[in-house]
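A short worksheet on the structure shown next.
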Amino acid sequence: MARQYILQRAPAAAGIHIDYAAELNEQQLAAVTASPGPLLVIAGAGSGKTRTLTYRVAYLLENGVDPRNILLLTFTNKASRQMLDRVANLLPVDASGLWGGTFHSIGNRMLRRHGTVLGYSSSFTILDREDQKDLIDTVVSGAGINPKEIRFPKGDVLADIFSFTVNTERTIEELLAEKFPYFLPLIEQIKDVHARYERKKKATNSMDFDDLLEKTLRMLKEHGEVAAFYRRQFQFILVDEYQDTNKIQADFIDTLAAEHRNVMVVGDDAQSIYSWRGANFKNILAFPERYPDAQIFKIELNYRSVPEILAVANAAIAPNVQQFRKQLSATRDTKELKPAIVALRDGGEQAQFVAQRILELRDEGIELDEIAILYRAHYHAVELQLELSRRGIPYQITSGVRFFEQAHIKDVAAFIRFVANSRDEVAFKRMVKLLPGIGNKSADTLWRAWEASLHANGEVTNWSERLVPMPVGARSKKSWEQLAYTLDEIAPRGAANPPSEMIISIVAAIYDDYAKANFSNYDLRREDLNQLAAFARQFKDAHEFLSQLALISNVDAEAAPNQNAETEAVNLSSVHQAKGLEYHTVFVIWLTDGMFPSARSLEAPEAIEEERRLFYVAITRARDELYLTYPQMRFNAGYGDMFQRPSRFLKEIPTQLLEDWQVGRG
DNA sequence: TACGTGGCGCTTTTT
DNA sequence: GCGCCACGTA
């Protein structure tokens, strides 16, 4: 019988107390020290939202709340990490028992612990968008739908549809009627595919991103004992960026908080920019209706930006009809420098302007990593990257293709996924298709054989024993055997080695040759794989490693391996990914109708409002200097050169708030 | 059945 | 200026 031994937390060190009144302004202080119960904090941009949440956590801890009883939901994992670091700096406590992270990562943790009540083993695989699309495609062909006969939506469109129904808690009918009316005639087949997809995920012991929310919520709703467990555990729930939650996330919070109702949500309706992911800023508007006893706090003092920038921000968001009216007021002194509006001839000249200005700023002593160039879509940045490279200006880009989503990373991860979850069909097929002579058809045949072997023989203890006898073509025979023995090596007797060792083995035995033969930029990819192995060293356990791989975001990427942390660099980022960040100087580029706001949003007033919020987010990233630039011409493949209209958002800003820069050519 | 080549269309944002 | 798909060949 094991002895139970409980470690007690050290009592809060005497003498170390936070002087909340001295460190927070009046509005922040009220929110931080509010009595338990539902709390809504409307926090304008740059008003110390993170600070308020951080101090609230510290306040709870100082008042004797056990860290294990706190749940902190944030928009990125990085945000949660930063807040906890700051709490640790404020208080001499070990807050490691506190659960913090994104909704998806928290769902993942809960499902790994208790998902067995829904019939999932704790070793389930997480499908990213590409995996999801692959699996839906196999389901579609398995459903006997002949794409040559009817125009059936492709896997990624179906993934969009299914995902939206989960995140907004609506039915497929409703969604199709509203967003895809032309697919309505196919509704029965689409529903059939959906049912098959759900069964397939269950059979392969895998979950897509949406399942991490949906299955978690279902688990709480259908299994009272699990719900009771987590309600007891999470006595205090804090939610950051509440304006970007969707229906299911709001439901998740409400379900967890159903008894104690100690839930603090913080957000800014003017910064809601994720409606395409089902986010609904009406969650924040309607919070007081769902919690009629909620205390409401408004934090409207802006500490970030100079008054000139703030005036532009206030003007930019003003035309939006749907919002909590609020007026941010500046605390900083004026610098007598108005934000610039700059017309350029074309994208190339815009890039030259930005690059040249950056060099001047550097000469003035502004560090490069205090400068950001923000844009609506990643492809807007191509000319700029060229120009920066040409001038030798180092830059860092939170790119569209994420490190962990690159083909070579996912290829190697497929091996690990498969040994970690031998029912992972997507991983199996991806892995075997790397071998010469094996394509879709053979992969499918092999998968059936593998499934049969799982049925007949149960858990795997020896990979090669089962795999080698399977029917493969003569051309693939040799590499097939090598694959089988590699699996033996990385997961002897079925038990996976540490992730980092697995990566090294897979690359050495199989993938290095594959990469040489298939990629023209072999060196780069090989280097990525080395970095992946280095990154993996912090994980002992394959599931932990794989979850991290799937759930880490671009903005989290500083934890990722592809950073050249030493060199100081200018930041290039989409506005979405810059949310929550701030810089000394911000350039917002491609401010033309069709680029920002994006062409797709131009017809729908609701979409325009969201674009305007996005514009507002971009402006409010700037502390001291802001440049709004727009090219007057765009070179466009296919359509020829096109004249560009300045963004309608620029016309909404009173001209006296901006300084018009006339750029000549030297 | 696997895989290379040529034509066409078209560009958002991400856990 | 690029990625996806369809087609044709080995």
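Residue numbers start from 1 in every chain, and the chains themselves are labelled A, B, ... in the order their sequence lines are given, proteins ahead of strands. Nothing here was measured: the structure is a model prediction, and the numbers come from that model.
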Roughly, in whole Å, what's the span from [atom1] in [X] to [atom2] in [N]?
X        : N      : atom1 : atom2 : value
A:Leu446 : B:dT1  : CG    : C1'   : 13 Å
A:His380 : C:dG1  : NE2   : C1'   : 15 Å
A:Gln385 : C:dC2  : CD    : P     : 13 Å
A:Asn108 : B:dT15 : CG    : C1'   : 12 Å
A:Asn167 : B:dT14 : CG    : P     : 16 Å
A:Glu130 : C:dG3  : CD    : C1'   : 14 Å
A:Tyr375 : B:dT13 : OH    : C1'   : 12 Å
A:Arg634 : B:dT11 : CZ    : C1'   : 8 Å

Against the six-membered ring of A:Tyr120, is A:Lys215 placed for a cation-pi contact (under 6.0 Å from the centre, within 45° of the normal)?
no
Can a cation-pi geometry be assigned to A:Arg376 and A:Trp590, taking NZ or CZ under 6.0 Å from the six-membered ring centre and within 45° of the ring axis?
no
For A:Lys441 and for A:His104, find the nucleotide of DNA chain B with the closest heavy atom, then tell me which residue's nucleotide is more 5'.
A:Lys441
Starting from the 5' end of DNA chain B, give me the residue, A:Asp210 or A:Ala377, whose nearest nucleotide shows up first.
A:Ala377
Is there a side-chain contact between A:Glu169 and A:Leu217, using heavy atoms and a 4.5 Å cut-off?
yes
Does some side-chain heavy atom of A:Arg612 sit less than 4.5 Å from a side-chain heavy atom of A:Pro319?
yes
Ignoring hydrogens and angles, are the base of B:dT14 and the side chain of A:Arg129 linked by a donor-acceptor pair under 3.5 Å?
no
Less than 4.0 Å between a side-chain N and a carboxylate O, is that true for [Y] and [X]?
X        : Y        : answer
A:Lys410 : A:Glu405 : no
A:Arg448 : A:Glu451 : no
A:Lys201 : A:Glu425 : no

Sub-6.0 Å ring centroid separation between [X] and [Y]:
X        : Y        : result
A:Phe152 : A:Phe183 : no
A:Tyr522 : A:Phe519 : no
A:Phe535 : A:Phe539 : yes

N or O in side chain of [X] less than 4.0 angstrom from [N] OP1/OP2:
X        : N      : result
A:Ser574 : B:dT14 : yes
A:Arg277 : B:dT15 : no
A:His378 : B:dT14 : yes
A:Gln577 : B:dT14 : yes

Mind jotting down which residue pairs meet the salt bridge (Lys or Arg N to Asp or Glu O under 4.0 Å) criterion with at least one end in residues 265-280 of chain A? Sequence neighbours excluded, please.
A:Asp268-A:Lys326, A:Asp269-A:Lys326
Taking any heavy-atom pair under 4.0 Å as a contact, classify [X]: base, sugar-phosphate, or nothing.
X        : value
A:Asn440 : sugar-phosphate
A:Ser105 : nothing
A:Tyr274 : sugar-phosphate

Determine the stems involving DNA chain C; a stem requires 3 or more consecutive pairs of the Watson-Crick or G-U wobble kind, each with both distances below 3.5 Å, and the answer is none if no such run exists.
B:1-9 with C:2-10
Could you check whether A:Trp276 and the base of B:dT13 form a stacked pair, meaning centres closer than 5.5 Å and planes differing by less than 30°?
yes
Those residues of residues 590-599 of chain A lying under 4.0 Å from DNA chain B by at least one heavy atom
none
Of the candidates B:dT13, B:dC3, B:dT1, the side chain of A:Arg475 sits closest to B:dC3
If I pick the C1' atom on C:dC5 and the same atom on B:dT12, what distance separates them, to the nearest angstrom?
23 Å
